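Please read these numbers as outputs of a predicted model, since none were measured by experiment. All ligand and atom numbering here is 1-based and tracks the order in the structure. Basis for what follows: all heavy atoms, side chains included, without hydrogens, waters or symmetry-related copies.
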Amino acid sequence: MRYAMAMDTKKCVGCSDCVVACQTENNVPHGYCRDWIVENVDGTYPNLELELRSERCNHCDDTPCVRTCPTGASHIIEGGIVKVTHVECIGCGACIQACPYDARYFHPDGYVDKCTFCDHRVAKGQETACVAVCPTKCLYFGDLEDYNSPVSKVLRERKWKVNAPEAGTKPQVYFLI
Ligand code: SF4
Ligand code: SF4
């Protein structure tokens, strides 16, 4: 099993529903977030193109965040989901420094926090909170090893890119282009 997410940059309207749903579902403290919207403008006026991306931890295959964690708090669970065990985290910030995507934040309670691909919901057969609320259905989640999962299907049908492939972490959040 290998969980991954695909995000359709052609359908995202930048409404931030995914951000708010995540904050609510995961008790993210006010002023912090586990996912966020990036607006990218390309081209020269008047030929401009706007790309909107809903971004989060990429649950990479090669994880500098896990490698650098001195306590083992940062770890990988079944399906390749990268997690932090809060009680084992000493808040040293090594993982924050190591992540090329700025995907982690210091929780005010003294540990590091990030996207978990809503593993608590996925374990119950539910969609991640962001996928469940997206009004344009531009987020796809599932098992890459399942030929028929929504994410496998859309990655076969569409062109895609990943953020900063040169970082060498093999990110597992794909952006449909
Ligand atoms: Fe680690 Fe950053 Fe990759 Fe997430 S995006 S798995 S925090 S390196
Ligand atoms: Fe590990 Fe916590 Fe240090 Fe990150 S801040 S490296 S999770 S102990």
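- Aromatic ring pairs are classed by plane angle as parallel below 30°, tilted from 30° to 60° and perpendicular above 60°; the pair His86 and Tyr111 is parallel.
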> Can you check side-chain contact (heavy atoms from CB on, under 4.5 Å) on Cys57 and Lys114, steps first, answer last?
Replying inline: CA-CA 7 Å; Cys57 168; Lys114 62 179 272 301; 3.1 Å; yes
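- Follow the hydrophobic side-chain contacts under 4.5 Å out from Phe117 and you reach Val122 in the same cluster.
- Distances from atom 4 (Fe) of ligand 1 under 2.8 Å pick out these protein N/O/S atoms: Cys57 SG.
- Around CH2 of Trp160, the count of heavy atoms belonging to other residues, nucleotides or ligands within 6.0 Å does not exceed 12.
- Figure legend: Arg56 and Tyr101 shown without cation-pi pairing, the cationic atom not lying both under 6.0 angstrom from the six-membered ring centre and within 45 degrees of its axis.
- For His107 and Tyr32, the gap between ring centers reaches or exceeds 6.0 Å.
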